[in-house]
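Here is the structure we will look at, set down as structure tokens.
We're numbering straight along the sequence, starting at 1.
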Amino acid sequence: MTGEDPGPLIRLFGVTGGRARPVGESFDLVAIVTTVDVPAEPVGLMPEHLDVLSSCRRPTPVADVAAHLRLPLNITRVLLSELRREGLVTIDRPRPVGKTIDERIYREVLHGIRGL
């Protein structure tokens, strides 16, 4: 041993319990995370888990969650998969651009109907 600080690797290992891959269905960095439930007594949840639950009260992309936590994307995915398994968050694929609601189109349709 050289006595040098091992850096953040030890901490990251502890945060994920040594897991390197998320469990369950895979998701990418544009998937949307939304908090479903925040337990009254967060027994067994680490500060990072609680931070995710707090920051995802509004739908948030996985990449933004990782940036907020200041953790690598893979570590963030492991944490998110744990929260999903516990039913505390949902992780959804973003809607395709063609299927998003365009309010301008609805206004034009409404205006056209009124014109009849």
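Taken from CG in L50 to CG in L83, the straight-line distance is 8.5 Å, to the nearest 0.5 Å. Atom CZ of R84 and atom CZ of R77 lie 11.0 Å apart (nearest 0.5 Å).
By the 4.5 Å heavy-atom criterion applied to side chains, P59 and V33 are not counted as neighbours. At a threshold of 4.5 Å between non-hydrogen side-chain atoms, the residues V38 and R57 count as touching. Counting only heavy atoms from C-beta outward, the side chains of V89 and L53 approach each other to under 4.5 Å. Using a 4.5 Å heavy-atom cutoff, the side chains of L88 and D37 are in contact. Proximity of L69 to L79: side-chain heavy atoms (C-beta onward) are separated by under 4.5 Å at one or more points.
The same ILVMFWY cluster, assembled from side-chain heavy atoms under 4.5 Å apart, contains both V65 and L71. In terms of hydrophobic clustering, with Ile, Leu, Val, Met, Phe, Trp and Tyr side chains grouped at heavy-atom distances under 4.5 Å, V30 and I32 are assigned to different clusters.
Looking at T34, its side chain never comes within 3.5 Å of a backbone N or O of T90 through a donor-acceptor pair.
With sequence neighbours excluded, the residues satisfying side chain to side chain donor-acceptor pair (under 3.5 Å) with D51 are H68.
The local environment of CZ in R93 is sparse, with at most 12 non-hydrogen atoms from other residues, nucleotides or ligands closer than 6.0 Å.
Across all non-hydrogen atoms, the minimal contact from V62 to T76 is O-CG2, 4.4 Å. Among all heavy-atom pairs drawn from L73 and A66, the shortest one is CD1-CB, 4.1 Å. Listed here is the closest heavy atom pair of S55 and T60: O-OG1, 3.4 Å.
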